[in-house]
> 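Below you'll find the structure I mean.
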2 protein chains.
Amino acid sequence: MERELPACPVETTLLMISDKWKVLILRDLLNGTMRFSELRRSVGNVSQKVLTANLRQMERDGLVHREVYPEVPPRVEYSLTETGRTLQPIIEAMKDWGTQYKAEHAA
Amino acid sequence: MERELPACPVETTLLMISDKWKVLILRDLLNGTMRFSELRRSVGNVSQKVLTANLRQMERDGLVHREVYPEVPPRVEYSLTETGRTLQPIIEAMKDWGTQYKAEHAA
DNA sequence: CCGTATCCTTTAGGATACTG
DNA sequence: CAGTATCCTAAAGGATACGG
């Protein structure tokens, strides 16, 4: 459940969000709760297996909440925990930086 | 020299800093100019080949400046460009978040 | 000291098929 | 619909040796 955290706080953060899709998962869940299939579409070209694995890890890290509705067919909704939402400043900073960088590197 | 930038700004940022060591390179170069060997030690367990490759890519992306002093033995110093320094808010946000997260997940 | 070349290992991620 | 299981691939990264 718990993992060893590096001494350096930057490395701790990396441990949590450096997988290929996690930042994009955060980007999308910051807009609100999403179903699995919905998230898969919005994140992009991610396989089901990997998206599930990423979400499970984020759940264990306390960033994501998974809510299962026992219906047929099943419905599963993902949302950010309070801790997960504290990552917002990082995602925002990345959004701002990318926007600026692209503006300066346009034709 | 130039690479195709994704439409999403967050993904653009990821393209620039999502390699395993780039965030740590930024963390360290934000403290000032460093020699190659110095950087290698401070970044951690990175191989020479990979550190070089990461730095070269960051140079092409306009984030890092490489200054070669034609001495014997050679001296090479790396520093952040002005654009590179604009990444500081992201690194700072990551540092803050990691610090906070660790505090809440102690004991 | 800094870097390149070569080869090899690892592992994250993809494809596909199948289930409750 | 939302998974799990299995197998496979590809690309990043590591180890080592050598060169300017």
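Order of the sequence lines fixes the chain letters, A, B, ..., with proteins taken first and strands second; residue numbering starts at 1 for each chain.
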> With clusters defined by side-chain heavy atoms of hydrophobic residues (ILVMFWY) lying less than 4.5 Å apart, directly or transitively, does Phe36(A) cluster with Tyr69(A)?
no

> Provide, to the nearest angstrom, the distance between the CZ atom belonging to Arg40(A) and the C1' atom belonging to dA15(C).
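Those two atoms, CZ and C1', are 10 Å apart.
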
> In degrees rounded to 10°, what angle is found between the helical axes fit to the five outermost pairs at each end of the helix from dC1(C)-dG20(D) to dG20(C)-dC1(D)?
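One end's axis against the other's: 50°.
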
> Can you tell me how far P of dG3(D) sits from CG of Leu39(A), to the nearest Å?
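These atoms are roughly 10 Å apart.
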
> Using a 4.5 Å cut-off on heavy atoms from C-beta on, say whether the side chain of Leu29(A) contacts that of Tyr78(A).
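Of all side-chain heavy-atom pairs linking Leu29(A) with Tyr78(A), at least one is under 4.5 Å.
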
> Produce a footprint string for nucleotides 1-13 of chain C: one letter per nucleotide, 5' end first; B if the base is under 4.0 Å from any protein heavy atom, S if only the sugar-phosphate is, - if neither.
BBBB-BB-----B

> Of all residues at least two apart in sequence or in a different chain, which pass the side chain to side chain donor-acceptor pair (under 3.5 Å) check with Gln100(B)?
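Glu104(B).
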
> Please determine which of Thr12(A), Thr83(A), Thr86(A) meets the side-chain hydrogen bond (donor to acceptor under 3.5 Å, both in side chains) test together with Trp97(B).
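It is Thr86(A); the other options fail the test.
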
> Partners of Arg75(B) by salt bridge (charged side-chain N to carboxylate O under 4.0 Å, His left out), sequence neighbours excluded?
Glu71(B), Glu77(B)

> Which residues pass the side chain to side chain donor-acceptor pair (under 3.5 Å) test with Lys95(B), sequence neighbours left out?
none

> Any chance CD of Glu82(B) has more than 12 other-residue heavy atoms, nucleotides or ligands included, within less than 6.0 Å?
no

> Rounded to whole angstroms, how far apart are CD on Glu67(A) and P on dG3(D)?
12 Å

> For Arg40(A), which residues count as a salt bridge (charged side-chain N to carboxylate O under 4.0 Å, His left out) partner, sequence neighbours excluded?
none

